[in-house]
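FYI, side chains are in, hydrogens and waters are out, and symmetry mates aren't considered; it's all heavy atoms of this structure.
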Amino acid sequence: LRLGRADLMLAGGVNTSTPPLVHMVFCELGALSRKSRIRPFAAGADGTLLGEGGGVLVLKRLDDALRAGDRIYAVLKAIGQSSDGRAKGLMAPRLEGEVLAMRRAWRQAELDPASVGLIEAHGTGIPLGDETEIQALQQVLGERRGRLPDVALGSVKSMIGHCIPAAGAASLIKTALALYHRVLPPTLCDDQVRADLTSGNSRLYLNTETRPWIHGGP
């Protein structure tokens, strides 16, 4: 789209079946919840659950979509990447890598992290991954400026599980719909929120209720 080689693209992910071997691998890694529930960023979270599904998005350049009178759910400003293959393991994400990816995205989008109102996180419910993600977000977003946290945190996996190759599409669809309908969607949590999420002057709070989202952007 940016190079002008296409005027419309379909992007998404599909996970139509989760064979026993995948469950066996996740079990061996200690990544599956023994409580048979997925509760991202909850103090009692003990792992993830695997889900199936598919999601597809129609992507166009903004000027083309406006000219055609298309319904626009969200505007994608930038994508940040930092993966170079170096890591401690599949279930041990690198803090510095996550921070770098997010900072690259903000810089490319020419936006200030202070303007963010909702973070749709990876949020698998695996304690180490959730902890690393919280630390990375706190580094990028900085400390709160008022008395209360102002950035809603959520993960669609709390409702549909981890759809592996379709997880990103599900998260993007959720966030686009949240922007369009001006609603902060809830994340399921029937436990205490992780202490490191609410400690200090963190800007983050786990959004567990449906709330109106007042914002001025597209």
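- Other residues sharing a hydrophobic cluster with I214 under the 4.5 Å side-chain heavy-atom criterion for ILVMFWY residues do not exist; the residue is a singleton.
- Residue pairs meeting the ring pair (Phe, Tyr, Trp, His ring centres under 6.0 Å) criterion with at least one partner in residues 96-120, sequence neighbours excluded, do not occur; the list is empty.
- Residue pairs meeting the salt bridge (charged side-chain N to carboxylate O under 4.0 Å, His left out) criterion with at least one partner in residues 135-144, sequence neighbours excluded, are absent.
- Residue pairs satisfying the ring pair (Phe, Tyr, Trp, His ring centres under 6.0 Å) criterion with at least one member in residues 109-156, sequence neighbours excluded, are listed as follows: H122-H162.
- Side-chain atoms of E131 and Q135 form a donor-acceptor pair, as typed in the model, at a separation below 3.5 Å.
- A distance-only check finds no donor-acceptor pair linking the side chain of R194 to the backbone of A42 [under 3.5 Å].
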From CA spacing to verdict: side-chain contact (heavy atoms from CB on, under 4.5 Å), L118, V151: CA-CA 5 Å; L118 169 66; V151 180; over 6 Å; no
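- To the nearest 0.5 Å, atoms OG1 (T187) and CD1 (I38) are separated by 10.5 Å.
- Sorted by first and then second residue, the pairs that involve residues 145-167 and meet salt bridge (charged side-chain N to carboxylate O under 4.0 Å, His left out), not counting sequence neighbours, are D150-R203.
- A side-chain donor-acceptor contact under 3.5 Å links T124 to the backbone of I126.
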Do any side-chain atoms of residues 56-72 form donor-acceptor pairs under 3.5 angstrom with protein atoms, and if so which ones, sequence neighbours left out?
| from | atom 1 | to | atom 2 | distance (Å) |
| --- | --- | --- | --- | --- |
| K60 | NZ | D70 | OD2 | 2.7 |
| R61 | NE | D64 | OD2 | 3.1 |
| R61 | NH1 | L1 | O | 2.7 |
| R61 | NH1 | A6 | O | 2.8 |
| R61 | NH2 | D7 | OD1 | 2.5 |
| R61 | NH2 | D64 | OD2 | 3.0 |
| D64 | OD1 | R67 | NH2 | 2.4 |
| R71 | NH1 | Y73 | OH | 3.3 |

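- Each side chain to side chain donor-acceptor pair (under 3.5 Å) pair with one or both residues in residues 35-50, not counting sequence neighbours, appears once here: S33-D46, R37-D190, R39-D190.
- With sequence neighbours excluded, the residues satisfying side-chain hydrogen bond (donor to acceptor under 3.5 Å, both in side chains) with Q138 are S202.
- E96 meets the salt bridge (charged side-chain N to carboxylate O under 4.0 Å, His left out) test with R94; sequence neighbours excluded.
- The list of salt bridge (charged side-chain N to carboxylate O under 4.0 Å, His left out) pairs with a residue in residues 107-129, not counting sequence neighbours, reads E120-K174.
- Side-chain heavy-atom separations under 4.5 angstrom define the hydrophobic clusters, and L100 shares its cluster with no other residue.
- Between the side chain of T208 and the backbone N or O of P186, no donor-acceptor pair lies under 3.5 Å.
- For residues 185-213, the set of pairs meeting the ring pair (Phe, Tyr, Trp, His ring centres under 6.0 Å) definition, not counting sequence neighbours, comprises W213-H215.
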